[in-house]
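Count residues from 1 along the sequence. As the structure lists them, so they are numbered: ligands from 1, and atoms in each ligand from 1. Worth saying up front: this structure is predicted, and the values here are computed from it rather than measured.
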Amino acid sequence: MGIFNEAQKYIVGGVNSPVRAFKSVGGEPPFIERGKGAYIWDIEGHKYLDYIQSWGPLIFGHCDSDIEEAIIEAVKKGVSFGAPTKVEVDLAKEVLELFPHLDLIRFVNSGTEATMSAIRLARGFTGKDDIIKFEGCYHGHSDSLLVSAGSGAATFGVPSSPGVPADFTKHTLLAKYNDLESVKECFEKGDVGCVIVEPIAGNMSLVPGEKEFLEGLRDLCNHYGAVLIFDEVMSGFRAGLRGSYDVYGIKADIVTFGKVIGGGMPVGAFAGKKEIMEKLSPVGPVYQAGTLSGNPVAMSAGLATIKKLKANPEIYKNLEAKAKKLMEGFESISKENGIDFNYNVVGSMFGFFFNPKKPKNFDEVNESDTNRYAAFHNKMLKEGFYFAPSAYETGFICTPMSDDDIQKSIDTYKNIAKEI
Ligand SMILES: *Cc1c(COP(=O)(O)O)cnc(C)c1O
């Protein structure tokens with residue numbers, strides 16, 4: 001019996017997070033045994049160039065020696081205390097030093113927790129229950145955020161999963177990405193306490209927010225007295241050292257982090273202005289807690305990662321050049337083969353669409369050819385290139401990826417392009 005079959009006997013669907021099951025591209029997921037640098041190996045010994053990098057966290061690739069050492073040293077001192085440790089303070093300082101508009105931070109264990117807690121805090125701060133989120137933006141799997149559009153634009157959301165009460169999602173208004181008019185309609189319709197947005201959307205493949213759109217959100221939040229939350233769980237330390245702040249210079253009231261900030265360990269965080277953050281328990285009345293939050297092993301991995309990034313800020317240019325080279329290569333091969341292709345690159349993140357136009361929102365992303373993506377995925381995987389098993393994900397470049405790795409990816413696409 002194959003391991004995937006065996007896994008399904010014991011674990012729901014054989015996986016602990018649904019996209020890993022390869023449902024949208026077909027085929028069976030390889031089970032990974034180890035990684036080193038830009039590569040991973042499955043339990044059958046196949047080697048893959050890894051464009052997922054644990055869905056973003058591993059900007060220095062697998063088993064980076066500095067991060068590995070920090071983790072090992074932390075483990076030797078004890079894996080968890082549930083009491084304050086110095087490494088939490090060190091990481092908090094390193095992160096906050098980068099952002100003039102963020103005064104205080106709280107660490108949690110996942111991106112989901114970070115956004116869920118940030119929204120509770122924003123509601124507690126403003127005393128207003130309605131929130132605005134955007135179609136195609138993902139903020140983890142908490143109840144208020146598992147919402148799809150009702151009929152028509154700018155509607156109150158309906159649950160996108162059984163088990164989420166409609167009573168919860170009726171407070172979530174759904175707007176269209178890169179469309180300020182739809183946001184204004186939501187503001188007029190509800191009593192809006194916060195707007196949560198991925199300033200660089202990475203969960204409908206990669207769709208960067210337009211600068212005027214994000215500035216408009218800032219203005220609308222100021223006007224209506226709502227908290228602006230930038231969800232940078234993915235784009236933080238990925239789009240640039242300071243995430244979207246390096247790209248647009250826009251100051252959100254709360255920023256959520258995850259992925260890179262934990263260096264591959266389970267970490268999330270939310271940071272914000274003092275007057276908002278001080279509403280949080282134990283200083284203020286808004287409750288939030290976690291047995292393993294600020295865990296010393298996870299904090300040590302995060303600290304080693306952030307310190308290394310701050311010491312080498314030039315890596316982002318380098319990673320972006322590689323992402324561009326990959327995408328430009330794919331684009332010209334697509335053209336030669338009559339394949340509709342468009343892409344976006346921001347820092348170390350890339351996303352592409354088998355689509356004649358470059359999408360600006362979720363509706364346009366949905367016009368992409370996902371069957372073609374599935375064929376692309378299957379063939380590239382067979383040749384040893386591990387792209388995300390869904391057309392709705394972002395790809396990631398890590399520092400150990402060489403120009404040769406990129407060139408080989410392009411050459412391989414050239415060989416398979418006729419067959420997709
Ligand atoms: C991954 C992601 C999350 C959820 O983080 P988890 O650690 O998977 O809970 C939230 N927001 C964004 C933008 C993400 O990319």
Side-chain angles (χ1 to χ4, degrees), residues 15-21 51-59 106-122 131-147 160-161 164 172 177 194-209 214 217 228-240 242-245 247-248 252 254-271 288 290 292-295 298-299 301-302 305 344 346-351 362 365 388-396:
V15 293
N16 286 306
S17 194
V19 71
R20 297 178 199 168
Y51 283 112
I52 303 181
Q53 295 294 330
S54 188
W55 303 94
L58 307 179
I59 194 162
R106 168 123 334 146
F107 291 106
V108 293
N109 302 291
S110 67
T112 295
E113 264 185 82
T115 58
M116 179 183 79
S117 307
I119 285 170
R120 180 179 304 150
L121 178 60
I131 66 174
I132 297 175
K133 96 169 268 290
F134 295 88
E135 285 177 90
C137 283
Y138 176 71
H139 307 291
H141 64 276
S142 71
D143 283 341
S144 313
L145 295 167
L146 284 187
V147 178
S160 62
S161 162
V164 176
T172 306
Y177 200 68
C194 79
V195 173
I196 184 164
V197 65
E198 286 180 80
I200 297 160
N203 287 285
M204 45 174 158
S205 185
L206 182 64
V207 180
L214 296 170
L217 293 183
L228 180 61
I229 303 174
F230 276 1
D231 180 358
E232 306 227 36
V233 168
M234 185 188 291
S235 53
F237 311 101
R238 261 287 171 195
R242 299 181 299 174
S244 80
Y245 190 63
V247 181
Y248 308 99
I254 301 178
V255 179
T256 57
F257 299 102
K259 300 190 170 115
V260 173
I261 206 175
M265 298 293 287
V267 180
F270 56 108
Q288 190 279 329
L292 292 171
S293 292
N295 170 271
M299 293 291 103
T305 304
N344 286 308
V346 187
S348 62
M349 307 159 74
F350 67 87
F362 194 49
V365 168
S390 158
Y392 292 85
E393 305 290 348
T394 289
F396 301 99

Margin query: Applying ring pair (Phe, Tyr, Trp, His ring centres under 6.0 Å), can you list everything that pairs with Y245, at least two apart in sequence or on another chain?
Written below: H101

Item checked: Residues forming a ring pair (Phe, Tyr, Trp, His ring centres under 6.0 Å) with Y51, sequence neighbours excluded -> F350, F387

Next item on the list: Taking only heavy atoms of the protein into account, state which residues are under 4.0 angstrom from an atom of ligand 1, in chain and number order.
Entry: S110, G111, T112, Y138, H139, G140, E198, N203, D231, V233, M234, K259

Which pairs would a plain distance check flag for residues 140-147, meaning a side-chain donor or acceptor within less than 3.5 Å of a matching protein atom at least two apart in sequence or in another chain?
{"residue": "H141", "atom": "ND1", "partner": "T112", "partner atom": "OG1", "Å": "3.3"}

Next item on the list: Examine distances only and state if a side-chain atom of S348 and a backbone atom of R238 form a donor-acceptor pair shorter than 3.5 Å.
Entry: yes

Check: What are the two closest heavy atoms between N109 and S293, and how far apart are they?
Finding: ND2-OG, 3.5 Å

Checklist line | Side-chain donor or acceptor of S244 paired with backbone N/O of V247 under 3.5 Å | finding: no

